[in-house]
Amino acid sequence: MAVNLLDFDLDGLTAYCEGLGEKRFRAIQLCRWIHQKGASDFEQMSDLAKSLRSKLAGVAEVRGLDVISEHVSADGTIKWLFDVGGGNAVESVYIPEDDRGTLCVSSQAGCAVGCRFCSTGHQGFSRNLRTGEIIAQLWFAEHRLRQRQQRTAGDRVIDNVVMMGMGEPLQNYDALVPALRTMLSDHAYGLSRRRVTVSTSGVVPMIDRLRVDCPVALAVSLHAPDDTLRTSLVPINRKYPIAELMDACLRYLDAAPRDFITFEYCMLDGVNDTPEHAAALVALVKHRVPCKLNLIPFNPFPASGLTRSPRERVSAFAKTLQDAGIVTTVRKTRGDDIDAACGQLAGEVQDRTNAAERLARRRVIGIQPAMHTEDAP
Ligand code: SF4
């Protein structure tokens, strides 16, 4: 089977080229063609020696993911559903804002953590994505958006990536890190470490490893100020309770590209949104971990049995945090008309009855990132 070059970061690509008897600089050329120009056909790669192009054509390929659907929201948010085989699908969401373009990327098909408020968590775990399947989401979205927006060569659309799609990225660590390195590489996407965020439910040992291997911005799904409540919402808290998590966050800040950790807090009506919870949250984080709080309106789905906190309660909660000097934002809901919250579309697909047939029926034909003519050298 041909080797998928999307599975390699630059070091991997270099080792692969050397294995073919090629010089290191060929890996840089390949990396630029694939990631900066969106090329998948070796014949397009005009500055590679013809002999190398023929060699690659026999043993390697640049294989993206099949697109099942593309939904465009009235507010410009775009959600793609990708087929990852075996009746599984993962989602990526592009969120345009005035000052940046963000892509939310998935790391696993399903998720084993099983957070109560999360549609993906309710679907169970299918499998880890490969590095190539993680980076293929960015590869596809960046070049698809350049086509849609008729951008010129090198005019990047996505300058912010958040690993907040389906899955717990730190439970797919070995595939995640090369994908992050490709996002950061100047020969690929050239994203700033501050603009690549890994969001975790709190896998403490892996937070420590990420600090050493590839420190990017860190977001932690907190959702509760005490262990009893957090364990009921985020079951991994049983293994890595809040005190250990806070210590790991502090250690991470030694190497982090930002001088704060973002804590995510999903606002659940009558569950974690009272004035007492707000006061307990202040007591937990103030003077302990430099942080920002991101309050997230809950996206209801029937199996959760939970509802969204009323707007006034969210405002009051935010005010308590802000009055205590904690920078707090309330996340805007985006793409409500296309179910842009994580896991909602894939949840439909994961009703496994004849999933493969339904995937085939829904597949969007002909959407592949193609090299722009203006991208050609
Ligand atoms: S919130 Fe994240 S970690 Fe929790 S179940 Fe959903 S995808 Fe998994």
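Just follow the structure's listing: the first ligand is 1, and inside any ligand the first atom is 1.
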Using 2.8 Å as a strict upper limit, say whether an N, O or S atom of Cys111 approaches atom 6 (Fe) of ligand 1 that closely.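 No, outside the cut-off.
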
Are the side chain of Ser315 and the backbone of Arg311 linked by a donor-acceptor contact shorter than 3.5 Å?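 Pair found, side chain donor or acceptor close to backbone of Arg311.
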
Going by an N to O cut-off under 4.0 Å, is there a salt bridge joining [X] and [Y]?
X: Arg53; Y: Glu43; answer: yes
X: Glu97; Y: Lys332; answer: no
X: Asp254; Y: Arg211; answer: no

Mutual orientation of the aromatic rings belonging to His143 and Tyr189 [parallel < 30°, tilted 30-60°, perpendicular > 60°]: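 His143 and Tyr189: tilted rings.
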
I need the atoms of ligand 1 closer than 4.0 Å to a non-hydrogen atom of Gly114, numbered in the order shown.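 Every atom of ligand 1 under 4.0 Å from some heavy atom of Gly114: 5 (S).
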
Which of the atoms in ligand 1, numbered in the order shown and given with their element, are less than 4.0 Å from a heavy-atom of Gly121?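 Listed by number with element: 5 (S).
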
I'd like the name of whichever of Gly167, Ser201, Ser106 reaches closest to atom 2 (Fe) of ligand 1 through any heavy atom.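 Heavy atom nearest to atom 2 (Fe) of ligand 1 belongs to Gly167.
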
Within-shell test, Ser221 vs ligand 1, heavy atom, strictly < 4.0 Å: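 Distance cut 4.0 Å: Ser221 fails for ligand 1.
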
